[in-house]
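Some notes on the structure that comes next.
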Amino acid sequence: EYIIVGEVRGQEAITLFQAMNTGHTTFSTMHADSVQTVINRLENEPINVPRPMVQSLDVLCVQVLARQGNERVRRAKVLAEIEGIDQRTGELDYANIYEWSPTEDVFAEHNSSLLNDIREERGWSQSELLTELEDRQRFLTYLRDEGVNDYRRFTAHINKYYADKQAALDLIEGVETAT
């Protein structure tokens, strides 16, 4: 169901974007310090993904290695949604949906057109969308707290969530009630 490419540096990106453009869910990484740098790297040597293919990206996440007290921590600096090509300028449009504030170590949230698309596609009300997001956050927090960090175990838990969401949430309720 998913195509994962560890890091794109060259022509393998074309294969990744071809898969993406045929409807496959894809994940990949690359080194860049901003959303604009990612776009520039994708569209130029040595990667050279054509702009119409790059616009098929839904979400870009830029991570940083930061200090929190005496600890080095990873944080998602920006989560951006690709909105398409601006008809006036020909540039790729994107919107920063979440931005990390290092001073407070919190995320500022902005309106997400992708979440609105998902809500409409599923026929959910705004309240149902928010409930689903909260449920998923609780489930992922539970997996983290339980030390589920092996991809096989993680995938098995995610599959259980999708197969029987209520049973997965009941499991969390049992743990939350016990603590």
Side-chain angles (χ1 to χ4, degrees), residues 1-35 37-38 41-42 47 49 56-82 96-102 105-107 109 112 114-115 117-119 121-122 124 128-179:
E1 290 184 50
Y2 306 99
I3 297 173
I4 301 172
V5 177
E7 181 177 345
V8 292
R9 296 181 183 175
Q11 290 300 311
E12 70 277 1
I14 295 293
T15 306
L16 180 74
F17 277 85
Q18 285 171 337
M20 192 184 309
N21 278 287
T22 59
H24 289 84
T25 299
T26 63
F27 297 92
S28 186
T29 63
M30 73 182 327
H31 289 271
D33 62 352
S34 69
V35 173
T37 304
V38 171
R41 287 201 60 211
L42 287 171
I47 301 176
V49 176
S56 65
L57 279 172
D58 288 324
V59 177
L60 282 172
C61 178
V62 177
Q63 287 188 343
V64 294
L65 187 57
R67 288 220 174 265
Q68 188 177 33
N70 294 331
E71 236 181 301
R72 289 177 62 177
V73 295
R74 287 210 177 270
R75 290 292 185 260
K77 178 181 171 183
V78 173
L79 190 67
E81 291 179 357
I82 304 301
N96 292 340
I97 304 309
Y98 291 93
E99 293 179 87
W100 177 57
S101 169
D105 195 26
V106 296
F107 296 91
E109 182 179 349
S112 167
L114 186 58
L115 284 178
D117 292 347
I118 291 169
R119 182 184 53 74
E121 181 182 295
R122 302 269 173 107
W124 289 343
E128 289 169 315
L129 172 69
L130 294 175
T131 298
E132 181 62 24
L133 290 172
E134 289 169 8
D135 289 345
R136 290 179 185 203
Q137 183 177 3
R138 283 180 45 232
F139 186 69
L140 291 171
T141 299
Y142 164 79
L143 294 180
R144 182 199 63 207
D145 293 349
E146 292 296 309
V148 177
N149 54 19
D150 172 81
Y151 79 92
R152 289 178 190 94
R153 286 182 58 213
F154 180 79
T155 302
H157 282 285
I158 295 297
N159 288 337
K160 287 178 187 175
Y161 180 91
Y162 283 118
D164 189 349
K165 176 183 168 183
Q166 193 54 54
L169 293 177
D170 289 345
L171 178 66
I172 295 171
E173 289 295 326
V175 171
E176 290 175 343
T177 304
T179 55

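Computed over heavy atoms, backbone and side chain alike; hydrogens, waters and symmetry mates excluded.
Atom CD of Glu7 has more than 12 neighbouring heavy atoms from other residues, nucleotides or ligands inside a 6.0 Å radius. Atom CZ of Arg9 is surrounded by 12 or fewer heavy atoms from other residues, nucleotides or ligands within 6.0 Å.
Between Phe139 and Tyr161, the ring-plane angle classifies as tilted under the 30° and 60° cut-offs.
In this model, a donor atom of one side chain and an acceptor atom of the other lie less than 3.5 Å apart for His24 and Thr22.
The line from CG of Leu79 to CD of Gln63 is 10.5 Å long, rounded to the nearest 0.5 Å. A distance of 5.5 Å separates CG in Leu115 from CG in Leu133, rounded to the nearest 0.5 Å. Atom CD in Glu12 sits 8.5 Å away from atom CG in Leu16 (nearest 0.5 Å). Going from atom CD1 of Ile14 over to atom CE of Met20 covers 10.5 Å, rounded to the nearest 0.5 Å. Note that CG of Leu129 and CD1 of Ile118 are 7.5 Å apart. Values are rounded to the nearest 0.5 Å. Within the model, atoms OG of Ser28 and CG of Leu42 stand 8.5 Å from one another, a figure rounded to the nearest 0.5 Å.
Residues forming a salt bridge (charged side-chain N to carboxylate O under 4.0 Å, His left out) with Lys165 (at least two apart in sequence, or on another chain): Glu132, Asp135.
Looking only at side-chain heavy atoms (C-beta outward), Asp150 and Arg153 come within less than 4.5 Å of each other. Using a 4.5 Å cut-off on side-chain heavy atoms (C-beta onward), Leu140 and Ile158 make contact. Contact check for Arg138 versus Glu173: side-chain heavy atoms found under the 4.5 Å cut-off. Inter-residue side-chain proximity for Trp100 and Val64 is flagged as met; some heavy-atom pair is nearer than 4.5 Å. Two residues are said to be in side-chain contact when any heavy atoms from C-beta on lie closer than 4.5 Å; Thr26 and Val5 fail this criterion. Looking at His157 and Asn159, their side chains never come closer than 4.5 Å, going by heavy atoms from C-beta outward.
Checking side-chain atoms of Glu146 against main-chain N and O of Arg144 turns up no donor-acceptor pair under 3.5 Å. Put simply, the side chain of Arg41 gets close to the backbone of His31: a donor and an acceptor are under 3.5 Å apart. Side-chain N or O atoms of Asn96 include none that pairs as donor or acceptor with a backbone N or O of Tyr98 at under 3.5 Å.
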Intermediate values then yes/no, side chain to side chain contact (heavy atoms under 4.5 Å, CB included), Val35 and Val62: CA-CA 7 Å; Val35 173; Val62 177; 4.0 Å; yes
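Here side-chain hydrogen bond (donor to acceptor under 3.5 Å, both in side chains) pairs that include residues 70-82, with residues two or more places apart or in two chains, are Gln68-Arg75, Arg75-Asp105, Glu81-Ser112, Glu81-Ser113.
When all heavy atoms are compared, the tightest approach of Ala19 to Ile3 is CB-CD1, 3.5 Å. Pairing each heavy atom of Ile82 with each of Leu57, the nearest pair is CB-O, 3.2 Å. The heavy-atom pair separating Ser56 from Phe17 by the smallest distance is OG-CD2, 3.9 Å. Residue Ile47 comes nearest to Met30 through the heavy atom pair CD1-CE, 3.6 Å, listed as atom of the first residue, atom of the second, then distance.
A salt bridge does not link Glu121 with Arg119: every distance from a Lys NZ or Arg NE/NH1/NH2 to an Asp or Glu carboxylate oxygen is 4.0 Å or more.
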